[in-house]
Amino acid sequence: MKRIFQLVVCLSLVSSVALAGHGGIGERIFFQVGGTVGADVMQMTGKFLNKKGAGNLKDLDIENLNINLATVSFVGRINLLELSNNTSLSLAFRPAASIGRSINDFGGPSTMLRLPFTFDFNSGAAATVSTRSKTGFVFGVGAEFISYPALGDGVTVQKTDAGITQQGQNENFINMKGSWIQPVATFGIRFFGKNYSCREINFKACFKPEGDVENKSVIDNAANPYSTISNFQNMGLMLSYIQFLNY
């Protein structure tokens, strides 16, 4: 028991030095929080494909503009390589949750969850804990997972003349609910504000190449004829404000 206690104390001391000591991993980890209001849009196109040929239903085109009215975003970043006091290469995780509205012939509320990972090049402010620069920038590329909508059975994007109804509805509206992975790129400008806190104005762009996406929206029919969205493409832009928490 005494040996176990000594081992725990020893490991605790080593961990403390590694995380908080000069040059430890704790000096390479940064956190940010922020978001945007309205400056977050995505344009989606595609086609509901009746692959099963159910009921001789025709394929339906999709064109949906989604505006995220409020987005909350977080950033967790670790410097993988510090090239100098003013430059570093890092891995960042940038989750974001949004509520908004779809803009099409039918419209309706929407939610969205995004989970991006990016490899970043940092220069100047907040690149490392040792930099003395008052301004800086970050450029990153990577990929993100999107769930749209994050809550509910789907977002209404089409209507059919045939007798297919969404669950709990009397009209022939067709919802989409899907998830996919797409490339993403970010660019941010960093600067110091009041109280010596570092801030960032970040621009993010994403694009999904044309491809099939599973439509997970539930329809009353046992076999969903529109279970596939073919030729699906997505392009998005977001401008956000992010505050550093530990720099």
To the nearest 0.5 Å, tell me how far [X] [atom1] sits from [Y] [atom2].
{"X": "Leu69", "Y": "Thr36", "atom1": "CG", "atom2": "OG1", "result": "10.5 Å"}
{"X": "Gln233", "Y": "Met44", "atom1": "CD", "atom2": "CE", "result": "12.5 Å"}
{"X": "Tyr148", "Y": "Ser110", "atom1": "OH", "atom2": "OG", "result": "4.5 Å"}
{"X": "Phe191", "Y": "Cys198", "atom1": "CZ", "atom2": "SG", "result": "8.0 Å"}
{"X": "Leu81", "Y": "Leu91", "atom1": "CG", "atom2": "CG", "result": "13.0 Å"}
{"X": "Ser73", "Y": "Tyr241", "atom1": "OG", "atom2": "OH", "result": "11.5 Å"}

With sequence neighbours excluded, residues passing side-chain hydrogen bond (donor to acceptor under 3.5 Å, both in side chains) with [X]:
{"X": "Asn234", "answer": "Gln182"}
{"X": "Asn202", "answer": "Glu200"}
{"X": "Ser98", "answer": "Thr71, Arg114"}

Same cluster or not: are [X] and [Y] linked, directly or through other Ile, Leu, Val, Met, Phe, Trp or Tyr residues, by side-chain heavy atoms under 4.5 angstrom apart?
{"X": "Ile189", "Y": "Ile242", "result": "no"}
{"X": "Phe48", "Y": "Val213", "result": "yes"}
{"X": "Leu151", "Y": "Leu113", "result": "no"}
{"X": "Met112", "Y": "Phe232", "result": "yes"}
{"X": "Phe244", "Y": "Ile201", "result": "no"}

On a heavy-atom basis, which atom in [X] and which in [Y] lie closest, and how many Å separate them?
{"X": "Pro149", "Y": "Gly154", "result": "CG-CA, 3.7 Å"}
{"X": "Asn85", "Y": "Ser130", "result": "OD1-CB, 3.6 Å"}
{"X": "Ala125", "Y": "Phe192", "result": "CB-CE1, 3.9 Å"}
{"X": "Gly152", "Y": "Lys177", "result": "O-NZ, 3.0 Å"}
{"X": "Asp61", "Y": "Lys47", "result": "OD1-CE, 2.8 Å"}
{"X": "Gln243", "Y": "Ser197", "result": "NE2-CB, 3.3 Å"}

Donor-acceptor contact below 3.5 Å, side chain [X] vs main chain [Y]:
{"X": "Ser217", "Y": "Asp153", "answer": "yes"}
{"X": "Thr87", "Y": "Ser123", "answer": "no"}
{"X": "Gln32", "Y": "Leu245", "answer": "no"}
{"X": "Lys208", "Y": "Trp180", "answer": "no"}

Subject >> Residues, nucleotides or ligands: over 12 heavy atoms within 6.0 Å of Glu63 CD >> reply: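 12 or below, so no.
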Subject >> Heavy-atom neighbours of Ile99 CD1 exceed 12 at 6.0 Å >> reply: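 Open.
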Are [X] and [Y] linked by a side-chain donor-acceptor pair shorter than 3.5 Å?
{"X": "Thr228", "Y": "Asp212", "result": "no"}
{"X": "Arg132", "Y": "Asn86", "result": "no"}
{"X": "Thr128", "Y": "Asn79", "result": "no"}
{"X": "Thr156", "Y": "Asn175", "result": "yes"}
{"X": "Asp120", "Y": "Thr118", "result": "yes"}

Original post:
Yes or no on side chain to side chain contact (heavy atoms under 4.5 Å, CB included) for Val157 and Phe106, after CA distance, side-chain angles and deciding distance?
Top reply: CA-CA 6 Å; Val157 294; Phe106 315 99; 5.7 Å; no
**OP:** For the pair Gln43 and Val41, evaluate side chain to side chain contact (heavy atoms under 4.5 Å, CB included) and give the outcome as yes or no after the intermediate values.
**Re:** CA-CA 7 Å; Gln43 176 68 42; Val41 298; over 6 Å; no
Original post:
Tell me the side-chain hydrogen bond (donor to acceptor under 3.5 Å, both in side chains) pairs involving residues 99-109, sequence neighbours left out?
Top reply: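 Matches after skipping sequence neighbours: Asn64-Asn104.
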**OP:** Begin from the C-alpha positions of Ser90 and Asn122 and carry the test side-chain hydrogen bond (donor to acceptor under 3.5 Å, both in side chains) through to its verdict.
**Re:** CA-CA 8 Å; Ser90 61; Asn122 307 279; 2.9 Å; yes
Do [X] and [Y] have side chains that approach each other closer than 4.5 Å (heavy atoms only, starting at C-beta)?
{"X": "Lys204", "Y": "Ser240", "answer": "no"}
{"X": "Ile229", "Y": "Leu49", "answer": "no"}
{"X": "Glu82", "Y": "Arg28", "answer": "yes"}

**OP:** Please list, chain by chain and in numerical order, all residues satisfying ring-ring contact (aromatic ring centres under 6.0 Å, His included) with Phe93, sequence neighbours excluded.
**Re:**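 By the ring-ring contact (aromatic ring centres under 6.0 Å, His included) rule, Phe93 matches Phe117.
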Subject >> Pairs where residues 118-137 contributes a residue and the test ring-ring contact (aromatic ring centres under 6.0 Å, His included) is met, not counting sequence neighbours >> reply: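 Not a single pair qualifies under ring-ring contact (aromatic ring centres under 6.0 Å, His included).
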**OP:** Report the C-alpha distance between Phe203 and Leu237 in whole Å, list the side-chain angles of each, state the deciding distance to 0.1 Å, and finish with yes or no for side chain to side chain contact (heavy atoms under 4.5 Å, CB included).
**Re:** CA-CA 7 Å; Phe203 175 79; Leu237 301 173; 3.6 Å; yes
Original post:
Should Phe30 and Val129 be marked as a side chain to side chain contact (heavy atoms under 4.5 Å, CB included) after you check the CA-CA gap, both sets of side-chain angles, and the distance that decides it?
Top reply: CA-CA 9 Å; Phe30 301 84; Val129 296; 4.0 Å; yes
Original post:
Are Ser227 and Lys216 close enough, and set up right, to give a side-chain hydrogen bond (donor to acceptor under 3.5 Å, both in side chains), and what steps lead you there?
Top reply: CA-CA 7 Å; Ser227 60; Lys216 301 176 182 178; over 6 Å; no
Original post:
Can Glu144 and Arg94 be counted as an ion pair, charged N to O under 4.0 angstrom?
Top reply: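 Salt bridge between Glu144 and Arg94, a charged N being under 4.0 Å from a carboxylate O: no.
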